[in-house]
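Structure record follows, encoded as structure tokens.
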2 protein chains.
Amino acid sequence: MTYRIGELSKEIGVSEHTLRYYEKEGLVVPERGENNIRRYTEHNKLWVEFIIHMKETGMSLEDLKNYTQLWESGEEGTAEMIEILTNHREKVKKQLDTFRKNLELLNKKIDFYQNSLKENKSANLYKTFVDKKKNDEKL
Amino acid sequence: MTYRIGELSKEIGVSEHTLRYYEKEGLVVPERGENNIRRYTEHNKLWVEFIIHMKETGMSLEDLKNYTQLWESGEEGTAEMIEILTNHREKVKKQLDTFRKNLELLNKKIDFYQNSLKENKSANLYKTFVDKKKNDEKL
DNA sequence: CCTTGACTTGGAGTAAACTCTAAGTAGTAA
DNA sequence: TTACTACTTAGAGTTTACTCCAAGTCAAGG
């Protein structure tokens, strides 16, 4: 079973424009059927999905282009594929850490501002700009 | 104590170009001293660092510009600041999830290819392109 | 005095990843 | 038949976030 560009686009939530762009870049090149119409196979679909997952964690299309070529080369590219993947894994691990830390920071900031709102309402105090500034900087 | 642009740049690892760009965008506007030279205060420094942290988790400069303006408005902007922060927190949580999932995927892929390399070496088998394709698609 | 180095400006240029346009063809539904 | 929709192409345009350039000012060290 194959997909037309419009079908695949809807199935996976990637615009037709983008799919054509990926084809131009050599990332996912579907076969062509009658009337020169693109026919995406199940494998093509899985490959696009893989690309999306890698992009979600910040892999560049450049790297993905590279990786795709290695994949297409068969056995010989395997070692280099592993290298790309492990390099990326390290990047993902670091980013996970960054995200965790920044989630903490966000929690603190949000707490701080929610409290400063509450205090202002209940005590009807005017919390000056300067105070706010000072407290905010501690976060 | 204040910093010149070059000093701040070195301290926080952001290029002078970028600092000037942030100023142009109204994100961090330092005072000027003698000879019209930028003087970044401790607060300016903290603000740039905050910007960097938010950018690390994908907040756009547009949102940060907005946020900065609200901060400068004093009390009145607080509710909207909280909104920006909580919206972003949700995004960060989702991204954390995405990253975790994709780390799992990477682990599987790497395992798969490392095993296929090992098998080929020890058994001296030719693992065909087609086989590889099939197994890879399962991931 | 001269060079070096840090600073200033406005504005142009760049990279990545789309995103869209124009002009056209081909198949289907009423 | 006519309208509608999906598809085709090459190539231009857009967005974000820088990044750099040219031309100039200014203070300190040798």
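Just so it is clear: chains get the letters A, B, ... in the order the sequence lines come, proteins before strands, and each one is counted from 1. Values reported hereafter were calculated over all heavy atoms of this structure, with side chains retained and with hydrogens, waters and symmetry mates removed. These numbers were taken from a predicted model, which means no experiment stands behind them.
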Whole-Å distance separating the NE2 atom of A:H17 from the C1' atom of C:dA22:
12 Å
B:Y67-B:E80 side chain donor-acceptor pair, cut-off 3.5 Å
no
Could you give me the CA-CA distance, side-chain angles and deciding distance for A:V48 and A:I12, then say whether side chain to side chain contact (heavy atoms under 4.5 Å, CB included) is met?
CA-CA 9 Å; A:V48 181; A:I12 63 181; 3.4 Å; yes
Return no unless some side-chain N or O of B:Y21 is found under 4.0 Å from OP1 or OP2 of D:dT16.
no
Just the table, please: protein N/O against nucleotides 8-13 of chain D N/O, every pair under 3.5 Å.
from  : atom 1 : to    : atom 2 : distance (Å)
D:dT8 : OP1    : A:R38 : N      : 2.8
D:dT8 : OP1    : A:R38 : NH1    : 2.8
D:dT8 : OP2    : A:R38 : NH1    : 2.7
D:dT8 : O5'    : A:R38 : NH1    : 3.2
D:dT9 : OP1    : A:R32 : NH1    : 3.2
D:dT9 : OP1    : A:R32 : NH2    : 3.1
D:dT9 : OP2    : A:R38 : NH1    : 3.1
D:dT9 : OP2    : A:R38 : NH2    : 2.6

d(CD, B:E31; C1', C:dC7) in whole Å
18 Å
A:E25 CD to C:dT19 P, in whole Å, measures 14 Å
Is A:E62 salt-bridged to A:K65, cutoff N-O under 4.0 Å?
yes
Look up atom CG in A:L106 and atom CE in B:M54, then write down how far apart they are to the nearest 0.5 Å.
4.0 Å
Just by distance, no angles: are the side chains of A:Y113 and B:W71 close enough, under 3.5 Å, to form a donor-acceptor pair?
yes
Does B:R20 pair with B:E23 as a salt bridge, N-O distance under 4.0 Å?
no
To the nearest angstrom, how far is B:L27 atom CG from D:dA17 atom P?
10 Å
Please determine whether a side-chain nitrogen of the Lys or Arg among A:D97 and A:K93 lies less than 4.0 Å from a carboxylate oxygen of the Asp or Glu.
no
Atom NZ of residue position B:K10 - does it have more than 12 heavy atoms of other residues, nucleotides or ligands inside 6.0 Å?
no
Looking at DNA chain D, which of residues 54-61 of chain B put a heavy atom within less than 4.0 Å of it?
B:K55, B:S60, B:L61
Rounded interatomic separation in angstrom, taking CG from B:D63 and P from D:dT15:
16 Å
In whole angstrom, give the distance that lies between atom CG of A:L8 and atom C1' of D:dA6.
15 Å
Rounded to whole angstroms, how far apart are CG on B:L19 and P on D:dC20?
14 Å
In A:K91, A:H88, A:R89, A:Q95, the residue satisfying side chain to side chain donor-acceptor pair (under 3.5 Å) with A:T57 is A:H88
Atom NZ of B:K65 and atom P of D:dT15: how far apart are they, to the nearest Å?
13 Å
